[in-house]
Amino acid sequence: MNTEAAAYFSRELLGWYRENKRILPWRMNRDPYRIWVSEVMLQQTRVDTVIPYYERFMEKFPTAAALAEAPEEEVLKAWEGLGYYSRARNLQAGASEVLERHGGVVPDNKDAVSSLRGVGPYTAGAIMSIAFNRPEPAVDGNVMRVLSRFFCLEDDIAKPSTRVKIEKLAQSLIPEGAAGDFNQALMELGALVCTPKSPGCLTCPVMAHCEGRMAGKEHVLPIKTKAKPPRPETRLAALIVGSGEHAGKVLVRQRQSSGLLARMWELPHVMGPTEPFGSAARSKGRGRRKSIAAAGTEVSGESLLTADSTAAAAEGTEPPFLQTTQQQGIAPGGGGLVAGGAGTIGADADRQTAHAAHVDMLCRELFAQDGLLVRPTGWWGEAEHVFSHIVWDVQVYRAEFGYWLAEESALEKPDYGGSAVNGDSQLAAESGVSYETGNAEEGAATPPQYRWIGLEQMRELAFPNVFLRLLRDYWETADGFTD
DNA sequence: AAACCGTGGAC
DNA sequence: TGTCCAAGGTT
């Protein structure tokens, strides 16, 4: 590579940055903890989205020690809505390591920083360079785009090997004693000028020697293979409003310790029919009639039984409300988030049939998986939720609480994690209402991952956005007298 | 290497 | 309305 061009690039870019850098909350000082938090929040997340979260987070957890000692629930709540929630739990785990192994001080040592949970090659480089001015590269999407264009690199930036290659290049470009500013300059240029769609070459400080532009490839670079589209899933959720001592409260549950939305709270729900049903599927005109006819006409047929519910039937744990539910049919519920959308009598009939099949499945699976017996009373609404790799079509049904199956009969016992560090397992005991019995003779204790909550407890528990929207909509429209 | 992990803005 | 993708990390 041309040493002259490299020196030019670094010099001009650094000069440009020092004149044009944005004022951002994490640029107030070089406190490595503040830098660390900002870099984790900024992973796959835009600056404008991060700023308010960052301000609140730093006020609540101003030091690594404060973060380490906070209840996990509070940390997740502070992260609620930001997404990629393992970032929050990893950050707290990292803070605990810093507290225990480094006396609460983020170490000025690349290997030590890299070993922290949730700190990968980019974040380690960012912390080392920005907080400690160490000459380490910090290669993110911006950097790969900027360098791909300037040096006209046609490697696929979706490949891990490309990041490694660009890291070496980036490190070679760091000006003496200016690692922090230079790395930030690279990212700032990518964010403000050398943007993905329409790069602002005319205002670019290094346009004159940009090989990508000189080759007329500024709109083609960087090369990046397309991501696989997310797979559709139908989710059947239960909006269970309590009566008696739980009047006006809703039954929610906490997800297990790993995987999607780990440790977040949600409405109880189960996987629906494989064929999509909701608005997303309808708008694409895919397989609607077929799936509904197949699922609906034979409500209690073998085709609907999963392995779990078949096992439940074999063990005599078939939910007793099923037959009653089917005979009653499903009446349209009120307060839906999304209008039905079916314009014809026939479509309405199809919807009713699909709802009946959903209700059957929801009832069976909640009973089989969690020993929770409910009686659905009507369709309530739906919501779409797009993850990176999945699209949920959530169909929400209102239901009345029946009872909890005695614990000995529970068919599955997933890991719900109770963190030893922060004493989550004490939450149930502190709440004082976790083990009361249901209202049926068979009634057993509420399982530890479930809670009855009112609107007030929404402030304490962290929900992913899809359930946040559904629950807020419920609290707004609930009349407080029925159910 | 490839899949898994959220969410919202911009165009 | 669909598509891209953002200061990525873990498994």
Aromatic centroids of A/Trp79 and A/Phe57 separated by under 6.0 Å: yes
Strand contacts (DNA chain C) in residues 124-137 of chain A, 4.0 angstrom heavy-atom criterion: none
Side-chain donor-acceptor contact under 3.5 Å, A/Asn142 with A/Arg145: yes
Sugar-phosphate only, base, or nothing, as touched by A/Ser198 at under 4.0 Å among non-hydrogen atoms: nothing
Span of DNA chain B in contact with chain A (heavy atoms, under 4.0 Å): B/dA1 to B/dG9
Test of ring centre spacing under 6.0 Å for A/His385 and A/Phe467: no
Near-strand residues of residues 26-41 of chain A, defined as heavy-atom separation under 4.0 angstrom from DNA chain C: A/Trp26, A/Arg27, A/Glu39
Enclosure of A/Arg459 CZ (heavy-atom neighbours >12, cutoff 6.0 Å): no
Carboxylate-amine/guanidinium proximity below 4.0 Å for A/Glu188 and A/Arg27: yes
Separation of the P atoms in B/dC4 and C/dA7, to the nearest angstrom: 24 Å
A/Glu218 bridged to A/Arg213 by N-O distance under 4.0 Å: yes
Side-chain N or O of A/Thr45 closer than 4.0 Å to phosphate OP1/OP2 of C/dA7: no
Pairwise C1' distance for B/dG6 and C/dC4, with rounding to whole Å: 15 Å
Electrostatic pair A/Glu73:A/Lys77 at N-O distance under 4.0 angstrom: no
